[in-house]
Amino acid sequence: MYLALKEMRRARVRFGLLAGAVGLLVYLILFQQAISTGLIDQFIGALKNQSADVLVYNAQARRNLEGSIVLPEQSAAIAEVEGVAVAAPLGEGTFTVVAGDPDADEQDAVIFGYQLGGPGEPTTLTAGRLPERTGEAVASSRNAADGFDVGDTVTVVPNAGGTATSFTVVGLAEEINYSVAPTLFTDFVGYDAARRAVNPDATDVLPSVVAVHVAEGADPAEVAEAITAAVDGTEALTRQQAVDESPGVSAVRQSFSVILLLFYLVAPLVTGLFFLIVTFQKAGALTLLRAIGAPAGLLVRSLVVQVAAVVVSGAAVAVGLFWLTTRTVIGSISVPFDLGAIGFTVGLVLVLALVTSLAAIRRVLRIEPIAATTGAGVHL
Amino acid sequence: MTTPPADTVADTAPAAGPAALELADVRKVYGAGDTEIVAVDHATLRVGDGEIVALLGPSGSGKTTLLSIAGGLLSATQGRVVVGGEDITGHSAAELTDFRRSKVGFVFQSVNLVPFLTAEENLLVVSELSGARGGARKQAKARAKELLGELGLAHRAGNLPAQLSGGERQRVAIGRALFNGPALVLFDEPTSALDTKIGEQVMELIQAEMRSRHTAAVIVTHDTRMTHYADRTVRIVDGVLGAEPVEGDLAAH
Amino acid sequence: MGLATTELRRRPGRFAVATVVLTFFSLLLLLLGGLLDGLFLGSTGAIRAQDADVIVYSSTARDSFLRSRLGSDVRAEVEAVPGVADVGGLGFTLLGATVPGENELADVAVAGYELPPTGVPEPPPAGHAWADRRLEDAGVSIGDTLLVGPSATPIVVDGWVEDTNYLQQGALWTTLDTWRTVQNANRPDAFVPDGVVQVLVVRGDGDLAASIDAATGSTSTLSVDDAVYALPGVASQQSTFNAIIFATLAVVLAVVALFFSLLTLERTGLYGVLKAIGASTARLFGGVVLQAVVVALVAFVAGGLLAWAADAALPGGIPLQLTVSRYVFTFVALIAAAVLGSAVSLRRVTRIDPASAIGSAA
Ligand SMILES: Nc1ncnc2c1ncn2[C@@H]1O[C@H](COP(=O)(O)OP(=O)(O)O)[C@@H](O)[C@H]1O
Ligand SMILES: [Mg+2]
């Protein structure tokens, strides 16, 4: 401890730079992890936290809700597939709305229309109740303050020739956003009205997907396969598949995992190499200490203390910065301050830093106290 | 200045009475087979309590090797090594580490100080290595201050080695070697990097410190001008300890 | 300086650590930048390509193409605004398309247009399209008939255009009528009557946006640049990625400073001697900077090659796009970080006392 701390005090700039670099790297890791999960949750939370076991898309839609419509004959055929208990329409669209105060600015909102009591209803209600009749809606709790709180009225702004249609928020549910917009779940009739408000020329409002409850005991994955096979031009996905295979989600996930992997490599690499160089540079002092009776274990412990001190102080800076970040909203993504994830990241970086410091530790262990008598290759 | 005692012959047989160092028939062989080098051969040496012995020999004669064996830095190939009553002949590496920390003091030829520690801290590191805490730590601090004062370095206590002159550095090293109160201090050419005048001052200081503490010392040198600071001079040539007296000692007769 | 380069040549190992670490960072910067560029370019090509001054949306659309609807009445009002030279309709539909001989559907954006965007010829005949070359990756070839959307509306590919994609989907440039046919066959819920378009692209002079919005009272007009950033996600993507890239550059700065201060520390004695024999601080420091720049250069080349290899190895779902300007940016940023980072050593080099060379054998 004594040696480790004294040395760090005498070389503040160097250790400070290292801790700063590690801190920023840990911060970047935390930040990117948070936005990738935040982004994914806020892109497809609505799919994750609704009750349908299986969602049936139009095959042409490439698993994109926005691009999917299910034709009436397909809907009818889906209901007939073995293992399907309930099949009901689920519509999705992005609309321009005025929420809360009627004089408020217009904003975007996503509206899901489902069959009340059927598959596709939100599962994470935190306030109020689920809609019971046309004109009622559950809103994403994240946007309560933006005019989507219980009791607020949300009005869809019509296009020329259309009629305005309104919803009263009767409940809030957690993590039900879609496409990072405020999100409402209402009944399909209300959704139909919203569609026609902006497309007065619409001939027919079709469901975006068909939401399915599977029969008791049936395996959603098997039912999904059966639907895809039985109904031409459809692709049925389990809830989890719909989440994981949403367009963009897997690309975002893969992109971030490549970047995060590099960050996770670089932070310990910088630490390990720094300590390796420093250990080489002070080989003379270490040899002397061994010669005057310092056990090798003590010198190794000193090194480990320094690695830990650097990572922990860097991580403290990182967590502080990250906490400040979570107070603000990045673009339209809010970043969660998740202590578990932070602890995991800091722990992982610490372990990796210790692993990369093994080279330096090996160097310490290889020091021969006898070399103090020759001073070979050693300088003050 | 102390006059060397009359008996300047290296005793080949350990005498009776307390001894700071006893080497009995010590042999050190480096390498094996064709490349085998006998660095020290059948060396027997006894250094009495409080005695200062100069070990004189040309470069490559085995002085450092002998010193390293005496200090537990190196194990002898053969023979017995007893320091301050502790037989270290069969000690393991860990036991030797403990031994070096508590029983002997070293002043090496080149690197003697930890560059990132101040003069005072370079002394304190000895007690820190022994795990001093609380009260012991306070005591150690007081002792370090006192010792640095004695060595004429009170005003340099807070300086890093790089800020000290060569003579000052060597004095700090002496303080470090004395800090654990050893029965035996081993000096490997302590003045080789210093000019003559500073070298003599350092030797005087060594002599005075050893005398005042009644601490035994072995001082390795290849410089005959330094031997008169010792009670006795032992010669070494090609790893063999010699009994012939040196010129300076003859003159004293 | 001669000394600095000689040291680089004779003792490359001494610089290996800094080079390896910086190589990782240059790879990281290129991948981050490449991802940003891929997301940006792939989302915005169709808009950036517009050879126009402003884009007119219906005011209820909140600057969204897909939700905007403008009829012929509004178009007439816009055409009458003083300063307006040319007006063209534009509309997009995002769909999947069946490619002959391929199992996987291709993501397409069917675009109906009148005024040709940069690099796009005059509108092809009805039922035909100019395809973005990105669709080549999905197996499309010239002459193919793509079956677009659930209703399998056929579109024949007549030729390639470049960098015109819309929201990561490969653009198919068709006449407005063909676009309406596709939209109405496949999205009956978003029916577009004859004469209606999503937006109008306008060429002309003067403060077009203000005068058009004043004249119609029902439109929201943006410059083409603003329209690019009004696309969903584009602005926040840019700011988030740029924040990450610049924070990474700050780390690079710290890392260069760190490793070069270690190198300088190692050379304290040498510098003392060199100063004693007459080398100036400026000369010695210049050598440190030069070495940092060379290390950054080598790291950039190595990182660039790795990024190029990563681009080839990564699965197609990742929208990585390595552009020349991204390479240039990364190069300049790394060199700047090397120069600034090595400046930390200036203090140490300055402080070295030539007198220390004398009488310090230890
Ligand atoms: N580690 C070693 N391996 C092989 N030979 C050594 C080693 N150390 C010392 N020697 C040899 O042992 C002999 C004595 O060396 P040393 O004790 O260092 O002499 P001195 O200190 O008197 O100059 C020399 O010939 C030297 O080359
Ligand atoms: Mg020697």
Side-chain angles (χ1 to χ4, degrees), chain A residues 13-14 17-18 20-21 24-25 27-28 31-32 35 58-62 64 66-67 69 71 94-96 106-108 157-160 179-180 195 198-199 201-206 233 247 250-251 254-255 258-259 262-263 265-266 269-270 273-274 276-278 281 330-333 379-380, chain C residues 17 20-21 24-25 27-28 31-32 35 58 60-62 64 66-67 69 71 94-98 105 107 149-150 168 186-193 218 232-233 235-237 239-240 243-244 247-248 250-251 254-255 257-259 261-262 265-266 269 310 314-315 317-320 344 362:
Chain A
V13 174
R14 250 167 294 145
L17 278 171
L18 178 63
L24 264 177
L25 289 170
Y27 168 74
L28 286 171
F31 178 66
Q32 292 177 87
I35 49 171
N58 191 304
Q60 305 290 116
R62 315 263 296 137
N64 183 354
E66 296 271 351
I69 47 166
L71 306 172
T94 306
F95 300 86
T96 303
E106 293 177 351
Q107 54 181 318
D108 291 350
V157 178
N159 272 335
S179 277
V180 203
R195 271 277 179 217
V198 292
N199 291 291
D201 305 304
T203 46
D204 207 355
V205 174
L206 295 174
S250 63
Q254 285 174 359
S255 309
V258 171
I259 299 286
L262 278 174
F263 273 104
L265 275 176
V266 156
L269 186 76
V270 169
L273 289 176
F274 170 85
L276 186 61
I277 294 182
V278 167
Q281 287 188 347
I330 313 294
S332 43
I333 308 285
H379 35 79
L380 262 189
Chain C
V17 165
V20 166
V21 169
F24 265 91
F25 276 106
L27 172 63
L28 204 46
L31 290 186
L32 279 166
L35 219 47
S58 59
T60 53
R62 294 191 29 79
S64 155
L66 298 187
R67 277 182 283 153
R69 292 286 184 278
L94 301 178
L95 291 164
T98 309
L105 294 171
D107 291 322
Q168 303 297 336
N186 295 288
R187 299 306 303 252
D189 54 338
F191 192 89
V192 182
S218 63
S236 60
Q237 249 165 31
S239 60
T240 309
I244 295 173
T248 308
V251 181
V255 165
L258 192 64
F259 286 106
S261 76
L262 287 180
L265 188 73
E266 217 168 79
L314 286 176
I318 296 180
L320 183 69
V344 170

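Computed from a predicted structure; not experimentally measured. What you see below is based on every heavy atom in this structure, not just the backbone, and it leaves out hydrogens, waters and symmetry mates. Below, read A as the first sequence line, B as the second, and so on, with proteins coming before strands; counting in each chain starts at 1.
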Find the one option among [options] whose heavy-atom pairs under 4.5 Å with chain C are most numerous.
options                                : result
A:Val13, A:Ile259, A:Val157, A:Val278  : A:Ile259
A:Asn64, A:Leu265, A:Asn159            : A:Asn159
A:Val258, A:Leu269, A:Val270, A:Asn199 : A:Asn199
A:Pro158, A:Ala59, A:Ser255            : A:Ser255

Residue [X] versus chain C: region with a heavy atom under 4.5 Å:
X        : value
A:Asn58  : side chain
A:Ser179 : neither
A:Leu18  : both
A:Glu66  : backbone
A:Leu276 : neither
A:Leu25  : both
A:Tyr27  : neither

Roughly how far apart are [X] [atom1] and [Y] [atom2], rounded to 0.5 Å?
X        : Y        : atom1 : atom2 : result
A:Arg195 : C:Phe191 : CZ    : CZ    : 15.0 Å
A:Leu262 : A:Leu28  : CG    : CG    : 12.5 Å
C:Leu94  : C:Gln168 : CG    : CD    : 11.0 Å

- Are any of the side-chain heavy atoms of C:Phe259 and C:Leu262 separated by less than 4.5 Å?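 A side-chain contact exists here, since the closest heavy-atom pair is under 4.5 Å.
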
- Item | A:Thr94 side chain near C:Arg67 side chain, heavy-atom distance below 4.5 Å |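 The answer is yes, as the side chains (C-beta and beyond) meet within the 4.5 Å cut-off.
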
Per-residue contact mode, [X] against chain A (heavy atom under 4.5 angstrom):
X        : value
C:Thr248 : both
C:Leu314 : side chain
C:Leu35  : side chain
C:Ala310 : neither

Heavy-atom pair count under 4.5 Å with chain A, highest-scoring of [options]:
options                               : answer
C:Val251, C:Leu105, C:Asp107          : C:Leu105
C:Leu28, C:Val20, C:Val192            : C:Leu28
C:Leu31, C:Thr60, C:Leu265, C:Leu258  : C:Leu258
C:Pro150, C:Pro193, C:Ala250, C:Gly96 : C:Pro150
C:Val21, C:Val17, C:Leu320, C:Leu95   : C:Val17
C:Leu66, C:Leu32, C:Val344, C:Asn186  : C:Leu32

- Query: Can you name the nearest heavy-atom pair linking A:Leu24 to C:Ala247, along with the distance?
  - Reply: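 Distance-wise, the nearest heavy atoms are CD1-O, 4.1 Å.
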
- Query: What are the two closest non-hydrogen atoms of C:Arg62 and A:Glu106, and how far apart are they?
  - Reply: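 Nearest heavy atoms, C:Arg62 then A:Glu106: NH1-O, 3.0 Å.
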
